[in-house]
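Some notes on the structure that comes next.
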Number of protein chains: 2
Amino acid sequence: MYSNELIKGTLKTIVLKLLSENGKMYGYEMTQKVKELTDGKIIITEGALYPLLHKLEADGLLITEKVPIGKRVRKYYSLTDQGSSSASEKIAEFLDYMKTMKFILQGDNGLALG
Amino acid sequence: MYSNELIKGTLKTIVLKLLSENGKMYGYEMTQKVKELTDGKIIITEGALYPLLHKLEADGLLITEKVPIGKRVRKYYSLTDQGSSSASEKIAEFLDYMKTMKFILQGDNGLALG
DNA sequence: TTTAAATACATAAGAAACTAATGTATTTTT
DNA sequence: AAAAATACATTAGTTTCTTATGTATTTAAA
């Protein structure tokens, strides 16, 4: 498990990527998917996820669809057009950012590597 | 310039890396160095940096040395032993985290790339 | 030469995003 | 029958950052 501060600020990008890949997902499903994809190294807590999903919906990036499963109602999220282009931007920006960070953290900036 | 949320949580790692490379640096110097290294894509504000430096010092990761430059006093920071091993850990963790994020963001997780 | 910009430190109010805890209810597994 | 997993949600408190402000010296420009 990574330290919490590392994951900060990346949650939005992860959610947008998941939805751009899978079309539609519900919250709990996202937490399980990320856990599975990362062998438990990234754990998305529900206390962080649900408020974010609500915000992204309020911002017009996501739309919801309620699907009854037995007596429960499952809430599926999917990207709007705006959310879709926002996803592309965020993902590209993050990949670019990783290049920059890699340069800082292991680039030949004067001394030997840490 | 990257969106702010992206940089969140990475400042500590950057500072520790800078000090592990350069031995000793003062705050303002760090802001300029990062700006230069990243072509202005990462801007460290003093409002974020100084409180962090104070905290790292309080936590025993950094020690300070005051050097008079003319009538001003410049405050140099360097790593303690604890800070040095903490730096190695943080940097390694971040590089690992980037691998994981890269896998999530562009890995072959079922659909075409975004 | 005086004005502006850069250097160099610092703090503080407020915002954003997350943690950890708690709550409800259903469904599945033991 | 009990426990665990599924599935939603909120909330108090913390951390960390932004934006603004403040002080003072030094260098560059007008």
Side-chain angles (χ1 to χ4, degrees), chain A residues 1-16 18 22 24-36 40 42-59 61-77 90 94 97, chain B residues 1-16 18 22 24-36 40 42-59 61-77 90 94 97:
Chain A
M1 178 63 179
Y2 297 115
S3 63
N4 296 325
E5 60 188 6
L6 218 55
I7 304 174
K8 286 192 181 183
T10 65
L11 183 53
K12 186 152 128 190
T13 306
I14 292 173
V15 165
L16 291 175
L18 286 176
N22 297 96
K24 68 180 49 175
M25 295 180 83
Y26 53 99
Y28 186 76
E29 189 184 11
M30 298 180 197
T31 66
Q32 300 307 301
K33 185 71 177 175
V34 170
K35 191 169 157 188
E36 173 209 320
I42 296 180
I43 300 293
I44 295 181
T45 61
E46 291 169 288
L49 180 61
Y50 289 119
L52 173 64
L53 289 173
H54 300 162
K55 185 180 185 303
L56 292 177
E57 187 185 8
D59 290 348
L61 303 188
L62 305 182
I63 43 168
T64 58
E65 183 190 347
K66 285 176 183 170
V67 177
I69 305 287
K71 284 180 184 172
R72 278 200 293 217
V73 175
R74 194 183 277 170
K75 210 166 158 187
Y76 278 94
Y77 289 87
K90 278 280 164 203
F94 196 88
Y97 180 64
Chain B
M1 178 63 179
Y2 297 114
S3 64
N4 297 325
E5 60 187 5
L6 216 56
I7 304 175
K8 287 192 181 183
T10 65
L11 183 53
K12 186 152 129 189
T13 307
I14 292 173
V15 166
L16 292 175
L18 286 176
N22 297 95
K24 66 179 52 177
M25 295 180 84
Y26 54 98
Y28 186 77
E29 189 185 10
M30 297 180 197
T31 65
Q32 300 307 301
K33 184 72 177 173
V34 170
K35 191 171 158 188
E36 173 209 319
I42 297 180
I43 300 294
I44 295 182
T45 62
E46 291 170 288
L49 180 61
Y50 289 118
L52 172 64
L53 289 174
H54 300 162
K55 186 180 185 305
L56 291 177
E57 187 184 8
D59 289 348
L61 303 187
L62 305 183
I63 43 168
T64 58
E65 183 190 346
K66 285 177 183 169
V67 177
I69 304 288
K71 286 180 184 171
R72 277 199 293 217
V73 176
R74 195 182 276 170
K75 209 166 160 188
Y76 278 94
Y77 289 86
K90 278 279 164 203
F94 195 87
Y97 180 64

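Heavy atoms only: backbone and side chains are in, while hydrogens, waters and symmetry mates are out. First the proteins, then the strands, lettered A, B, ... as listed; each starts at 1.
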Would you kindly give the [atom1]-to-[atom2] distance between [X] and [N], to the nearest whole Å?
X	N	atom1	atom2	answer
Y76(A)	dA7(D)	OH	C1'	11 Å
L6(B)	dT18(D)	CG	P	12 Å
I42(B)	dC17(D)	CD1	P	13 Å
Y2(B)	dT18(D)	OH	P	16 Å
R74(B)	dC9(C)	CZ	P	7 Å
I43(B)	dA6(C)	CD1	C1'	15 Å
I69(A)	dT28(C)	CD1	C1'	15 Å
K71(B)	dC9(C)	NZ	P	19 Å

Which distance, rounded to the nearest 0.5 Å, do you find between the [atom1] of [X] and the [atom2] of [Y]?
X	Y	atom1	atom2	value
I44(B)	I42(B)	CD1	CD1	7.5 Å
T31(B)	Y26(B)	OG1	OH	9.0 Å
L62(B)	K24(B)	CG	NZ	12.5 Å
M30(B)	E46(B)	CE	CD	12.0 Å
L18(A)	M25(A)	CG	CE	5.0 Å
E29(A)	K75(A)	CD	NZ	15.0 Å

Contact class for L52(A) (heavy atom, under 4.0 Å): base, sugar-phosphate, or nothing? nothing
Polar-atom pairs under 3.5 Å, protein N or O versus N or O of nucleotides 14-17 of chain C: list them with distances, or write none.
none

Considering only heavy side-chain atoms of L11(B), the closest of dT6(D), dC8(D), dC17(D) is dC17(D)
With the side chain defined as heavy atoms from C-beta on, Y77(B) is closest, among dA10(C), dT7(C), dT10(D), to dA10(C)
[X] side chain near [N] phosphate (N/O to OP1/OP2, under 4.0 Å):
X	N	value
Y50(B)	dA10(C)	no
H54(B)	dT11(C)	yes
Y28(A)	dA5(D)	no
K75(B)	dA10(C)	yes

The side-chain contact (heavy atoms from CB on, under 4.5 Å) partners of V67(B) (sequence neighbours excluded) come to E65(B), I69(B), Y76(B)
Sorted by chain and residue number, the ring pair (Phe, Tyr, Trp, His ring centres under 6.0 Å) partners of Y97(A) (sequence neighbours excluded) come out as Y2(B)
Protein-nucleic acid N or O pairs under 3.5 Å, nucleotides 20-25 of chain C:
none

Quick note, salt bridge (Lys or Arg N to Asp or Glu O under 4.0 Å) partners involving residues 2-12 of chain A, not counting sequence neighbours, are E5(A)-K12(B), E5(A)-K90(B), K12(A)-E5(B)
Could you pull out every donor-acceptor pair under 3.5 Å between side chains of residues 49-56 of chain A and any protein atom, sequence neighbours left out?
{"from": "H54(A)", "atom 1": "ND1", "to": "Y50(A)", "atom 2": "O", "distance (Å)": "3.3"}
{"from": "K55(A)", "atom 1": "NZ", "to": "D59(A)", "atom 2": "OD2", "distance (Å)": "2.8"}

